[in-house]
Amino acid sequence: MGKYAEDVKLLLNAVGGKENIQAVSHCMTRMRFVLVDPKKADEKAIEEIRSVKGTFTQAGQFQVIIGNDVGVFYNEFTAFSGIEGVSKDAVKAAAKTNQKPLQKIMGALGEIFAPLIPALICGGLILGFRNVIGEINFFAGGTKSLADVSQFWAGMYSFLWLIGEAVFHMLPVGICWSITKKMGTTQILGIILGLTLVSPQLLNGFDVATTAAADIPVWDFGFAQVQMIGYQGQVIAAMMAGFILVFLEKFFKKHCPEVISMIVVPVCSLLPAVILAHTIVGPIGWRIGDAIATVVRGGLLSRYGWLFAGVFGLLYAPVVMTGLHHMTNAIDSQLLSVDPKTTILWPMIALSNIAQGSSVLAMSLLQKKNERAQQVNVPACISCYLGVTEPALFGVNLKFGFPLICGMIGSAIAAMISVGFGVQALSIGVGGLPGILSIVPRYYGYFLLAMLVAIVIPFVLTFLVGLKKLSREERGLTAPSGSSEGGADAVSGTEISADGEKTDAAEAAETADAGAADTDAEEAGPGEMKAFLSGRAIPLEEVPDDVFSQHVMGDGLAIEPTDNVVKAPADGTVSAVMEESRHACGLAFGNGMEILIHVGIDTVDMNGDGFELFVKEGDRVRAGDPLIRFDFDKIRAAGHPATTVFVVTEEGKAENLSYRTGMDCEAGRTVIVTFE
């Protein structure tokens, strides 16, 4: 009889039986299923299984969170069910078969634009700042801007355009690169293709509308002429050209002998792609992009634009949860490429961010005495107000339902105000409250009004509904069943009395924490653990993974590393390792305490490339012994954060755990965890 025999039976039945499982694998903490019919999975029944810590669905995979013992659980599950486990790559491939064509298209679009988002945000902020210093007339009775009255700021106004132009005018370069990266072809060829679309030899795409046809330069081949037009800021044309290049490279790689492929494939792929881009694909893509931009802008500026805006504002947050919102990046970018080179769509997106954040703000006020809830509410609210809504949507608003709906209502009303007054943005990428920096200055007043609505209405609605909907336990007004009124704060480790006041012991712990960053740690005592990496210690809530940030696996912290060798934080025994992916390690200690150290986010997908494991299961380790070495560059190249997570999955006999964050750590020296 296996350790998890009963739980394995329950899980197999709850996911719909053997016949409903298309593929199954596991990572360091989770079982990963691809189900024939996901609707047959009984999530409520699964989450009631003793060894299950939670479930969620991502990218077509139904994931069941088990914890450090997932390897044992997985082996028992596959043995009992008679299902042969497969590799994680096979699971991902199978998961795509569960997606509908539209989901696959949106997924691909999202993967293309995701690497570009940091540049779009950076460019948007810089252009927003440029608007403030050069487009708003603060001086001389409202007739001159800061750039007009100061040579320094005039120079800065001119200089900042260098970055804005690089981000938004040269966008086709990033798009072609991202497509080749996503499709697994030669990325430098994608970059070169993109550069040929924005070459300074060509007439700038933004100047085409104001240039007479006779003045447009051409390549004259005798039998035909091709207009020398650039595709600055064009999205559709760049995407079509990028996919043409990918198709050609894959075709020639498949049919070209290996001995000459290094010479033949690049030339035979790039040259036709560039020719097609400037003769057929580019012009077609330009017209498609212009048509989309014209329809969207025309609809929003029509007499029924307010209605379109209301629907968009209402539905944008649910669309984000499906991943379909990535299409708006392409539409927004296209709107910016045609006269008047502004977008009326982006302001509504920023307002939706604000509205959902305001719902979370109300939940934070309602649950101010629920410490566990606040660990999710506060960071989710902050990230939402800064334009990143997923933590708020999945961690708070969708969980309770009514905050999501209240945010949608506020977003719809704010969007109608924005479109009703014709608010337009000069750039995209800057969401939430900072989104005002991207707004055309003459619309600031109207956008501020819309922002006020997006803050007040969701907040008031969520607060009033929450007073009736939330139980006293959910609000933290009574202790959860099975626990005492007092206890330990899961993040800070401070003791809280029944009336919510900190005890003397808590204040002493805070004093000790405050001095921890300034004092070199001594040898670890029985109630201490030292840093497992050098770097910046951050709260678990800031980790970009819901399973960790929402404390599903347990409490802990994370480190943004500055070195690449993970070390044992104390003397113990290796309880679990991922021998294939080598990205995580579990340790057990004499007091029954168990921890998990997980290098990077979603790095299981790297299949061990860039990781070196120094230990195996059952090894005894001393504090400071190396456990894992990882390659920063490979993790970043794979598109993953290197944030390394430390989670206490089993407290054992340890009590009053305190996690020290907000400081720089030195591996093997700085104390990061204390306990009794």
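In this chain, residues are counted from 1 in sequence order. Any value given below was found using the heavy atoms of this structure, including those in side chains, with hydrogens, waters and symmetry copies removed.
Under the side chain to side chain contact (heavy atoms under 4.5 Å, CB included) criterion, Phe614 pairs with Glu612, Pro626, Arg629, sequence neighbours left out. By the ring pair (Phe, Tyr, Trp, His ring centres under 6.0 Å) test, Phe632 pairs with Phe630, sequence neighbours left out. In this view, Ile382 and Val378, Leu386 satisfy the side chain to side chain contact (heavy atoms under 4.5 Å, CB included) rule, not counting sequence neighbours. For Ser81, the side chain to side chain contact (heavy atoms under 4.5 Å, CB included) test picks out Leu12, Phe77, Ile83, with sequence neighbours left out. Taking Ser575 as the reference, Asn68, Ala588 meet the side chain to side chain contact (heavy atoms under 4.5 Å, CB included) condition, with sequence neighbours excluded.
Between Asp625 and Lys567, no side-chain nitrogen of the basic residue sits less than 4.0 Å from a carboxylate oxygen of the acidic one, so the salt-bridge criterion is not met. With salt bridges taken as basic N to acidic carboxylate O contacts below 4.0 Å, one links Asp545 and Arg30.
Across Asp619, Val621, Ile628, a single residue satisfies side-chain contact (heavy atoms from CB on, under 4.5 Å) together with Cys585, and that is Ile628.
Put simply, CZ on Arg660 and CD1 on Ile672 are 10.0 Å apart, with the number rounded to the nearest 0.5 Å.
Judged purely by atom type and a 3.5 angstrom limit, Asn353 has no side-chain atom pairing as donor or acceptor with the backbone of Tyr385.
With contacts defined as side-chain heavy-atom distances shorter than 4.5 Å, the pair Val599/Val566 qualifies.
Pairs of residues two or more places apart, or lying in two chains, that qualify as ring-ring contact (aromatic ring centres under 6.0 Å, His included) and include a residue from residues 587-607 are Phe548-His598, His583-His598.
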